[in-house]
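Note that the coordinates shown come from a computational prediction; the quantities given were computed from them, not determined experimentally. Lettering follows sequence order; numbering is per chain, from 1.
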2 protein chains.
Amino acid sequence: MLSNSSKYAIKGVLYLALNSNESHKIMVRDIFEVVHVPEAYLAKLLQELSRHGIISSVRGPKGGFYLSEDDRKRTLMDIVRVIDGEKRVHSCVMGMRNCDMDNPCVLHKLVGANKSKFINVLENTTILDLVEGKQNIEEFFPL
Amino acid sequence: MLSNSSKYAIKGVLYLALNSNESHKIMVRDIFEVVHVPEAYLAKLLQELSRHGIISSVRGPKGGFYLSEDDRKRTLMDIVRVIDGEKRVHSCVMGMRNCDMDNPCVLHKLVGANKSKFINVLENTTILDLVEGKQNIEEFFPL
DNA sequence: CATAAAAAGGATAAAAATATCTTTTAATCT
DNA sequence: AGATTAAAAGATATTTTTATCCTTTTTATG
C-alpha cells in the first residue's frame with residue numbers, strides 16, 4: 001500500500017522542506033543520517049523525484065537538492081506516485097480481478113472506504129501543509 | 001500494510017467459508033483456480049493457517065481443508081496475524097523510530113487514523129460476518 | 001582552464017517476498 | 001496389511017524490493 005521507498009522519499013522531502021530553499025541547497029550526505037536511510041539509496045530516490053519535477057536539484061559545487069516554492073505545493077501522493085507508481089496505490093486491497101474503485105468487491109466495501117480515505121489524505125496533503133501547518137514541528141522528529 | 005500472501009489466504013478462507021464444512025472438506029486442488037492463487041503457494045498458506053488453528057484440515061482420503069463453526073468466528077485479523085505477523089500490521093506508516101499508536105508522529109495523525117480504522121475493520125470482521133451477513137454473496141466473485 | 005563538488009546513471013549485490021518441487025506422514029478403503 | 005489419497009513439511013527456485021558501488025556528466029569557482 002505504501003512501500004518503504006515511498007516512506008523514505010517522504011522523509012527526505014520533509015527534511016528538505018524544513019531545511020532547504022532555493023538559496024540553500026542540501027546534499028544527500030547531509031540528509032541520510034538524520035532520516036535513517038542509506039546514502040546511496042536516498043540519493044536514488046531524490047534523483048527520481050527530481051527527474052519527475054517533484055523536487056529541485058542542481059549539480060556541481062554549491063549544488064544539492066532543495067524545494068522551490070512550487071515544489072512545496074506538491075502533495076504526498078505526488079511523491080508516492082513517482083516512487084511506487086499509480087498502479088500499486090490504487091490496486092484493489094484484495095487483488096480481485098474486475099474490482100476497482102468504481103466496481104468494488106465486498107472487501108472493498110469493508111476496508112476500501114478506509115483505504116480511500118488514506119489515499120485522500122495523501123492526495124490532499126501538501127508538503128507545505130505539513131510544514132507550515134498547525135503542526136508542532138518538533139513532532140516530525142526523529143525522522 | 002497487507003501482503004499479497006494475506007490477501008491470498010483471505011481469499012482461500014473465504015472460499016472455504018462458502019463451500020466447506022466439517023463433513024465436506026475441500027482440497028487445495030479444487031480451490032486454487034477459483035481464487036487465482038498458485039496451487040502450491042495456496043497450500044502453504046492454508047497449511048500455515050491450519051497449523052495455527054485458524055482453519056481446520058485432515059490428511060488422507062476424504063481429507064482436505066474446511067472451516068468448523070468455531071473457525072468461522074475468526075476475524076480477518078487472525079488470518080493476517082498468522083501470515084504477515086503482528087509487527088507488519090502495526091508498524092508505523094512512516095517507519096519512524098519511537099513512533100507507535102501511543103506516541104504517534106505527525107504522519108500518524110494524518111494517515112494513522114485511517115490506518116487504525118482499517119485495522120479495526122480487520123479485527124472486528126469475522127468470516128461469518130462476511131458470509132452470512134447482509135452481503136450479497138455474488139459480490140464476492142470473482143475471487 | 002583546471003579542479004573539485006555534486007547529482008545522474010548504470011551495473012551489481014543482498015534481502016525479502018513469492019512460488020515450486022519433492023519427500024514424509026496420516027487417514028481411508030479395499 | 002497394503003495401496004492410495006491428501007495434507008504437512010522441507011528444500012529449492014524465482015522475482016521483486018531494497019540497497020550499494022562505481023563511473024560519468026554537469027557546474028561553480030579559483
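Looking at every heavy atom in both residues, B/L42 comes nearest to B/G12 through CD1-CA, 4.3 Å. The two residues A/F65 and A/S57 have their closest heavy-atom pair at CD2-CB, 3.5 Å. Shortest non-hydrogen contact noted between B/S50 and B/S56 is OG-C, 4.3 Å. What you find for A/G53 and A/D71 is that their closest heavy atoms are O-OD1, 4.0 Å.
Side-chain N/O atoms of A/Y8 include one lying less than 4.0 angstrom from OP1 or OP2 on D/dA19. The side chain of A/S5 contributes no N or O atom lying less than 4.0 Å from OP1 or OP2 of D/dT17. The shortest distance between the side-chain N/O atoms of A/S57 and the OP1/OP2 oxygens of C/dA7 is not below 4.0 Å. Note on B/S50: every side-chain N or O is 4.0 Å or more away from OP1 and OP2 of D/dA7.
Taking only side-chain atoms of B/N4, from C-beta outward, the nucleotide of D/dT20, C/dT18, C/dC21 with the closest atom is C/dT18. The side chain of B/S3 approaches C/dT18 more closely than any other nucleotide in the set D/dA8, C/dT18, C/dA7.
Atom OH in B/Y41 sits roughly 17 Å away from atom P in D/dA9 (whole-Å rounding). Rounding to whole angstrom units, CZ of residue B/F32 and P of C/dC21 are separated by 12 Å. In this structure, A/R51 atom CZ and C/dG9 atom C1' are separated by 10 Å, rounded to whole Å. Rounding to whole angstrom units, NZ of residue A/K25 and C1' of D/dA28 are separated by 11 Å. When rounded to the nearest whole Å, the span between CD1 of B/I54 and P of D/dA8 equals 14 Å. Regarding B/E48, its CD atom lies at a distance of 11 Å from the P atom of D/dA8, rounded to whole Å. In this structure, B/K7 places its NZ atom 14 Å from P of C/dA17, rounding to the nearest Å. Computed from coordinates, the A/L42 CG to C/dA7 P distance equals 10 Å when rounded to whole Å.
Side-chain atoms of A/N19 and A/V34, non-hydrogen and from C-beta on, never get closer than 4.5 Å to each other.
Between B/K44 and A/P38, the residue anchored nearer the 5' end of DNA chain D, judged by the nucleotide with its closest heavy atom, is B/K44.
The base of D/dA8 lies close enough to the side chain of B/Q47 for a donor and an acceptor atom to sit less than 3.5 Å apart.
The side chain to side chain contact (heavy atoms under 4.5 Å, CB included) test with B/R72 singles out one residue from B/L67, B/V13, B/I55, and that residue is B/L67.
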Pairwise N/O distances under 3.5 Å, protein to nucleotides 3-6 of chain D:
residue, atom, partner, partner atom, Å
D/dT5, O2, B/P61, N, 3.4
D/dA6, OP2, B/R29, NH1, 3.3
D/dA6, OP2, B/R29, NH2, 3.4
D/dA6, O4', B/G60, O, 3.1

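Side-chain contact annotation: A/S5 with A/Y41, donor-acceptor N/O pair under 3.5 Å present.
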